[in-house]
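Sending over a structure as structure tokens; questions will come in a sec.
Sequence lines set the chain letters: A, B, ... in the order given, protein chains first and strands last, and positions in each chain run from 1.
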Amino acid sequence: MSRYNPKELEAKWQKKWQSDKTFQVDLEKAEKPFYNLMMFPYPSGEGLHVGHVYAFGGSDTFGHFKKMQGYDVFEPMGFDSFGIHSENYAIKIGKHPRELIEETTKYFKEEQLDKLGALFDWSKSVTTSEASYYKWTQWLFIQLFKAGLAVRKKSSVDWCPSCLTVLADEQVIAGKCERCGTEVIQKELEQWFFKITDYAQRLLDNLEKIDWSETTKTMQRNWIGRSEGAEIIFKLRDVPGQEDDKHSVTVYTTRPDTIFGATFLVISPETVKSWLDIGFLAKDEVKKYVDESLNKTEVSRLAEGKDKTGVDTEIKAVHPLTGELLSVWVADYVLGSYGTGAIMAVPGHDQRDYDFAKKFGLPIVEVISGGDVKKEAWQGEGKLVNSEKFNGQSVEEAKINLSKYIEEKNSGSKKVNFHLRDWLVSRQRYWGPPIPMIYCESCAKDKKGEQEGMSGWYSVPEKDLPVELPYVEDYQPRGSGVSPLASVPSFLSVKCPGCGKDAKRETDVSDTFLDSSWYFLRYPSVGDDEVAFEPEVTKKWLPVNQYIGGNEHAVLHLLYTRFITMALSDLKLINFEEPFDKFRAHGLIIYKGAKMSKSRGNVVNPNEYMQAYGADTLKMYLLFIGPYELGGEFDDRAITGVYRFLNRVWTLVEGLEEVKESNKELETKLNSLIKKVSDDLENLRFNTAIAALMEFLNLVYKHQSNLSREIVLNYLKLLAPFAPFISEELWEKLGEKGSIHQQSWPEVGKVVEETSWQIVVQVNGKFRGKVEVAKDSSEDQVSQEAQKIPSVEKDLQDKQISNKVWVKGKLINFVAD
RNA sequence: GGGCAAGUGGCGGAACUGGUAUACGCGUAGGUCUCAAAAACCUAUGGUGGCAACACCUUGAGGGUUCGACCCCCUCCUUGCCCACCA
């Protein structure tokens, strides 16, 4: 008899599986491909934490299960090693990111990932900061540029004063930088954008077709933020320094039904700025207000909350239906970046407009009945009033009829708007793939360029890829609006691909999210230096069958991957629009009541637990905590429960004595266990599957004397996906040939086919018990069975109730006469 | 303010398409083994009353539908996550 020694046996099998290539798949020859993907980590200095073990453990357990079901499971792993995260850490500890990444990836792989017993195929791994990978990231950029989907635009963008770079809309959370929490400020800059907004409707529509966590889909829907409404044109009067009737302003509204309640217009500071730029005159007060609000951070604009500010521009606007003259105000509660940057204010039916009107003494008109507009804006349902011939219509009717009417009067049209903004991909940082573009001043003067409307700009010829990121010592961000690469002359100067004269490279690098937006496409083609993704193997393995990761990426990574995939599909480079057939978000593992984070100092390091209990126990414990999609609280005491369980399995199998006749009850139970574990695994319900395995073991301990080898072998197979090491060791100890992970998953026998029904028995509405009856039993037979319940028998004698029954569905009910 | 998810023992959590709660695990108590302890194994463990058989109560709160509700409907409260002056 030996003791269960996880440390020793896990090291043994890790080595053996590696040398035997037990888990490797031949991508070309595979017959039943299953692409099992999990989100790759960025290699931080702290190493893998328990949350990773949870995420990867669940996904990999599923992978093992699929493998035993006969699929050729491809389960790659890699590193998202470019990006501000890694760079900031490198700066902090004073080590060059390139050297740092080499160390951290090695540590991640050898000290942590390798020890999990996962199916990872390291022969197909990617590290996004390696030239062999980012060559193709750059290639991807060029494809988008050539398709007109990568453009340079000057606009007001979010700038993080701490990270010293611009950020994408998705990377700004409530006015703060997603990474460092610093308040972002607005800067007017020319930057590279990907036109994800062109795909807004498709990104929304396709959500119906994919099997993703509902929570994730909802978040994407909200982010895309489709709204239906109308654009309405208001002619302007009394514009200082301009002739009458020459100018107009277009507003966006989702409530065209309230147009008769529009009592003034509000224009965003950004829009008014553009008016001033084209020669509108305005009093100093207006100019001052515009300047001030454009310099405010998003946060301080928000912090002022409902206390509205604004200035009357003294311009007048003509109401398109009544002809009335309305005053035009500038106020920062209207955003320049949404809709048309201007609104018609309907204070009677919009709380923000109401607050504004109250503050500045502007008129409030009720046009929808149902509320009390003297007290507050009424935003509910009702009938139209004060709306001429539309009076009496419902909001729903009026929306349709008024949009139509406005359109007939040439004063506007229906319009769909999206919250989604174009993806800003430039970063003024060092640690990323250089954007593979060249700017030629000479061509710019001649209005020449590779793409229309982008004179001076050329993509780097594909044969010159990759544009290597030069190794420089001084990689600190500058804050000057350009990346550190701008001060590397050898990098900067290049010949123009258009005219051959001296030109300059783009010095910004691209967003990390571009690196990760396509890595899953690369995995199967790793090693191929001719193409980004080899057509045959891509066709065979993609789209990904199942993807698992954290929901914090619902509107970042997961939206970008969908956009990139859709764009590549349109370019005929791949033949599918959606990257992941199935996506499931796992929950968060919390510790001491809070999300694990360095700043809170409550990060659980998996290494010590792996040392003490082994990877099998740690992983299985994490999966046992609760439903996979909910996560849960890590409790260092509770982990012993799983450890005890594995020890009990060990003891049982070690001491197994052959018996010829096996216990019938156990056989039946095993069958339902197989069904239970299979169903649960299929649906990622690891916690209940593990509970069922424990329950069975408890039962086995009571029937130990007549436990058959057959049952034990099957049981080990069911355990194998959860605890790959111990099950392999015991498989070997029992003298079985080959790896347990290459065995086929146990089949559910016929015994558990449902042949009986459970029927609930009540007497005069009171519960008396349940009976099992054959499915084809007659009413009388059911009644006979039910009467065998002692209390029913008693009732029949004592209370003299009749034995008449009625059977309704699964209910049998005895009633008094 | 909007959206999403969730509220079940001392704790993490089970409960099939509504079928008569608290699976599994932790913790706790008692026992076996031991000189002793740990480990392991066995037993008990929602609450209240009772020596007891047993009775009554219990899935955030309150209503409703149903023979029957943790599950469905309505109102409210709490927590977590996401978004947020998006017209």
Just jot down the salt bridge (Lys or Arg N to Asp or Glu O under 4.0 Å) partners of Arg644(A), sequence neighbours excluded, or say none. none
Look at Asn687(A) and A14(B) and indicate whether a side-chain polar atom (N or O) is within less than 4.0 Å of OP1 or OP2. yes
For G60(B), measure the glycosidic angle (O4'-C1'-N9-C4 for a purine, O4'-C1'-N1-C2 for a pyrimidine) and name it syn if it falls within 90° of 0, otherwise anti. anti
Using 30° and 60° as the class limits, which term best fits the ring planes of Tyr628(A) and Phe686(A): parallel, tilted or perpendicular? perpendicular
When every nucleotide of nucleotides 24-31 of chain B is labelled 5' to 3' by its protein contacts under 4.0 Å (heavy atoms), B for base, S for sugar-phosphate only, - for none, what sequence of letters results? BSSS----
With Asp635(A), which residues qualify under salt bridge (Lys or Arg N to Asp or Glu O under 4.0 Å), at least two apart? Arg637(A)
For Thr215(A), side-chain hydrogen bond (donor to acceptor under 3.5 Å, both in side chains) partners two or more places apart: Asn551(A)
Any N/O pairs under 3.5 Å between the protein and nucleotides 3-9 of chain B? List them or say none.
unit_1: G3(B); atom_1: O2'; unit_2: Asn222(A); atom_2: ND2; d: 3.2

By ring pair (Phe, Tyr, Trp, His ring centres under 6.0 Å), Tyr199(A) pairs with (sequence neighbours left out) Phe563(A)
Quick one: salt bridge (Lys or Arg N to Asp or Glu O under 4.0 Å) partners of Lys217(A), sequence neighbours excluded? Glu214(A)
Secondary-structure stems for RNA chain B, with pairs counted as Watson-Crick or G-U when both distances are under 3.5 Å and runs at least 3 long: B:1-7 with B:77-83, B:10-12 with B:24-26, B:27-32 with B:40-45, B:46-49 with B:54-57, B:60-64 with B:72-76
For Gln220(A), enumerate each residue passing the side-chain hydrogen bond (donor to acceptor under 3.5 Å, both in side chains) test, keeping only those at least two apart in sequence or located in another chain. Arg562(A)
Set of side-chain hydrogen bond (donor to acceptor under 3.5 Å, both in side chains) partners for Asp636(A), sequence neighbours left out: Tyr591(A), Tyr609(A)
In whole angstroms, how far is the C1' atom of C16(B) from the NZ atom of Lys676(A)? 9 Å
Sorted by chain and number, sequence neighbours left out, salt bridge (Lys or Arg N to Asp or Glu O under 4.0 Å) with Asp169(A) holds for none
With sequence neighbours excluded, give me every salt bridge (charged side-chain N to carboxylate O under 4.0 Å, His left out) pair touching residues 249-262 of chain A. Arg255(A)-Asp257(A)
